[in-house]
Number of protein chains: 2
Amino acid sequence: MLKHEAEADRVFHALADANRRTVIERLTRGPATVSELAAQLGVTVAATVQHLRVLQDSELVRTEKAGRVRTCQIDPAGLRNAEAWLRRQRTTWERRLDRLDAVLDDQTKEQ
Amino acid sequence: MLKHEAEADRVFHALADANRRTVIERLTRGPATVSELAAQLGVTVAATVQHLRVLQDSELVRTEKAGRVRTCQIDPAGLRNAEAWLRRQRTTWERRLDRLDAVLDDQTKEQ
DNA sequence: CTCATGCTTAAGCATGCACTTAACTTTACG
DNA sequence: CGTAAAGTTAAGTGCATGCTTAAGCATGAG
């Protein structure tokens, strides 16, 4: 639970930036180099590298360097973590609503 | 798409804070007052109010004031938005992998 | 009415973050 | 070799963020 919390911290922080989300959206369509991502974002390559570090630490992106060009692609682990946290909250909440419904049903029957 | 992007911005930013996630986890178990949330977080009531403003703006929490006590509960809209964004990315990525598989299958057949 | 309770708001502060520029390393090409 | 391209790293800057304290505003209990 605690390890998961730390992961959730990294992942949601990574997703909280619009430029980093744009990188993810781009990479779901296929791999890209650092320069290509920088061009699409409209920021410097240096800024893009910093974004990529955050995305890698949260397991949202994997990169590999061949020669002098670094190729980036989606790492599904981070997306799965984030989806799992959200689903956990939603199901807990829905289960509670179901219990509430049951209680209300019992009460109406007892009248 | 643009409106959705702005919503994603707010939601993921809200989820990026550990204390705000704790509030959500608490509220999935049932409603709570501002003071109760502050006590659990171990921060001042003032700080908690600020977190609640962020959570309301991202439609993760709804609140209602009765007398001098404000009761907070989950608003499922924000969670749904976040889940939708993540699912959109994941399915786009999986569809691309499927296409890649198809291409590779064709190539092996042609040999 | 008095006063404590629950919340709200404003102001200040330390820290973090996203970006830049600039200097540097490594790799490819002629 | 010389040089341009791709990326890395460091330092600095402005702005946002999360927190505090302090003051203020309703509301409920006695």
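Throughout, a chain's letter reflects where its sequence line sits, starting with A, and its residues are numbered from 1.
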- Which part of the nucleic acid, if any, lies within reach of Thr48(A) when heavy atoms closer than 4.0 Å are counted: base, sugar-phosphate only, or nothing? nothing

- Message: For Leu37(B), is there any backbone N or O sitting under 3.5 Å from a side-chain donor or acceptor partner on Gln40(B)?
- Response: no

- Message: How many whole angstroms separate atom CZ of Arg70(A) from atom C1' of dT8(D)?
- Response: 9 Å

- Rounded to whole angstrom units, what separation is found between the CG atom of Asp57(B) and the P atom of dT17(D)? 11 Å

- Query: Between Arg53(A) and dT8(D), is there a side-chain N or O to OP1/OP2 distance below 4.0 Å?
  - Reply: no

- After noting the C-alpha distance and the side-chain angles of Glu59(B) and Arg10(B), does the key distance pass the salt bridge (Lys or Arg N to Asp or Glu O under 4.0 Å) rule? CA-CA 9 Å; Glu59(B) 299 184 298; Arg10(B) 279 195 294 272; 6.0 Å; no

- Query: What is the per-nucleotide protein-contact pattern of nucleotides 14-30 of chain C, from the 5' end, where B denotes a base atom under 4.0 Å from a protein heavy atom, S denotes such proximity for sugar-phosphate atoms only, and - denotes neither?
  - Reply: ---SSBBB-----BS--

- Test log, rule side-chain contact (heavy atoms from CB on, under 4.5 Å), inputs Gln89(A) and Arg21(B): CA-CA 10 Å; Gln89(A) 304 314 316; Arg21(B) 286 202 308 277; over 6 Å; no

- Verdict with reasoning, Trp85(B) to Glu25(A), per side-chain contact (heavy atoms from CB on, under 4.5 Å): CA-CA 10 Å; Trp85(B) 190 92; Glu25(A) 289 178 346; 3.3 Å; yes

Give the table of side-chain donor-acceptor pairs shorter than 3.5 Å for residues 48-56 of chain A, with sequence neighbours excluded, one pair per line with atom names and distance.
unit_1: Thr48(A); atom_1: OG1; unit_2: Thr44(A); atom_2: O; d: 3.0
unit_1: His51(A); atom_1: ND1; unit_2: Arg20(A); atom_2: NH1; d: 3.3
unit_1: Gln56(A); atom_1: OE1; unit_2: Thr63(A); atom_2: OG1; d: 3.2
unit_1: Gln56(A); atom_1: NE2; unit_2: Leu52(A); atom_2: O; d: 3.4

- Task: Among residues two or more places apart or on two chains, list those pairs meeting side-chain hydrogen bond (donor to acceptor under 3.5 Å, both in side chains) that have a residue in residues 72-83 of chain A.
- Result: Glu7(A)-Asn81(A), Glu83(A)-Arg90(B)

